[in-house]
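Written below as structure tokens is the structure these notes are about.
Values below: every heavy atom of this structure, side chains too, minus hydrogens, waters and symmetry copies. As the structure lists them, so they are numbered: ligands from 1, and atoms in each ligand from 1. Since the structure is predicted, the reported quantities are computational estimates derived from the model, not experimental observations.
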Amino acid sequence: MGQSCVLLALVAALLYCLRDSEPGLTSPLETCAWNHLEPHLPLLSVAPIQRSEFLARQTALARELDAAGVDAFIAEPSASTSYYANISSGFHLSERPFLMVIDKRGRFTTLVPKFEAGRIAKLDMVFDNKTTIAWVEEESPYEALARGTGYEKVMIDEHARFMIAAGLQEAGIEVVPMSETVQTLRSVKSEDEIALLKGINSFTLALVQSLQKCIRIGMTQEQVVDASQALFTRAGVGHGFWVLVLFGDQAALPHGGETGRTLQEGEFVLIDIGSELYGYCSDVTRTILPTGATVSDDLMAVWKTVLEAQSAGLSRMNVDEACSAVDGASRDVIQQAGYGKFYTHRLGHGLGLEGHEPPYLNGANDQKLKLGEVATNEPGIYVTTEEAALLGKKTGFGVRLEDPILVTKDGGVLLTGNRAQSPWSP
Ligand SMILES: *[C@@H]1O[C@H](CO)[C@@H](O)[C@H](O)[C@H]1NC(C)=O
Ligand SMILES: *[C@@H]1O[C@H](CO)[C@@H](O)[C@H](O)[C@H]1NC(C)=O
């Protein structure tokens, strides 16, 4: 065989090997995990929010506005407009305001740039009867709104930009911040919202469990990331997908930051992952081991401490419990195990149309949990390699376990369906 033939054969062999990493082709990890995941697809068969529920939300808001003595509620495209009127938070915000206005009598108004009115009218907005105020480039949008409505005092959504509040004030309208009562309208979930959150979060856990059965020592972070994305996409819920895959000491930074690692024996894999079902978010974390792999007894003890901290938090996720007390219960367990200063973040956050929303479970929040609220329960212990040396250990690590919990009259209920049993049984 001539030299050029050897070279050609080598190139061909190389191309053959690279096949798996080309986009569009199915990796062995994806194929293996899909076999485990496919039977769980029915979890995603949940109906989107119906028109009648959107209208009921508008009525409930109107009632609160009336009670608060304000004329109307004003929001820019955001989770709030998704919630009240099905106006996607993905609508691009420009310097020209497009506002959703719901008043204390339940009347629905949009303020739109005149040249955009046609495009905005095509949105799948939900309302009973809509008034459109179109402002032209030669006038102040806020004066157009003031003139068109006569409102004197409005409540402004937490996500609206400062320029909106400033512009309204300049046009002579008094502006007040969103009240806790109005915030509660969205943080307390309806039956249909709970069904959607249960669907996407239990499916997300099933996906992590499927990955665990197929991940092997020697795989790269990118292989796990790519397979996760491919699995969500194949299930029809790829929109909204995100993931953190961290090996060993990479997980010492709770949100990671490094890439390009290969999984070694003796390392945990931390997977923090989520996607969306009709706008409702999932957020699940598991710290796992491939079948047959192990970590030191020391690391296993850390894993168990985190699980106990999660149990302690869960046992306090009851109606009327202060958010700070729930956080504190999980923190006590980790403190007693000697890792107090390595639990560097709050216990959790609300979950719904936003990946992070009220209620926030942290030491400073004295708000009480309400019936029907959903919040993640996600304690963790994070030790960098530098800190590990001070503790007499060789390498750093990070362990976190996370399940979103629904607050019911009988206590906290898992929206994932089940908690982690062990690193091999997530
Ligand atoms: C909400 O918007 C989505 C996406 O545009 C649409 O598919 C759905 O039908 C809308 N819902 C209602 C109740 O109109
Ligand atoms: C809708 O609102 C407009 C303007 O306020 C009003 O003239 C009209 O009668 C309303 N229609 C219905 C069906 O309520």
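Side-chain atoms of T376 and D283 form no donor-acceptor pair, as typed in the model, at a separation below 3.5 Å. For S311 and R419, the side-chain atoms include at least one donor-acceptor pair closer than 3.5 Å. A donor-acceptor contact closer than 3.5 angstrom links the side chains of E387 and T384.
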Sequence neighbours left out, cut at 3.5 Å: what donor-acceptor pairs do the side chains of residues 62-72 make with other protein atoms?
residue	atom	partner	partner atom	Å
D71	OD2	E152	N	2.7
D71	OD2	K153	N	3.0

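Protein residues having a heavy atom under 4.0 Å from any atom of ligand 1 are I49, R51, F54, N86, D124, V126, listed by chain and number.
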Exercise for review: Show your working on side chain to side chain donor-acceptor pair (under 3.5 Å) between R186 and Y84 and close with a plain yes or no.
Suggested key: CA-CA 9 Å; R186 182 154 72 83; Y84 288 110; over 6 Å; no
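Under the 6.0 Å cut-off for aromatic ring centres, Y343 and H345 qualify, their centroids lying closer than that.
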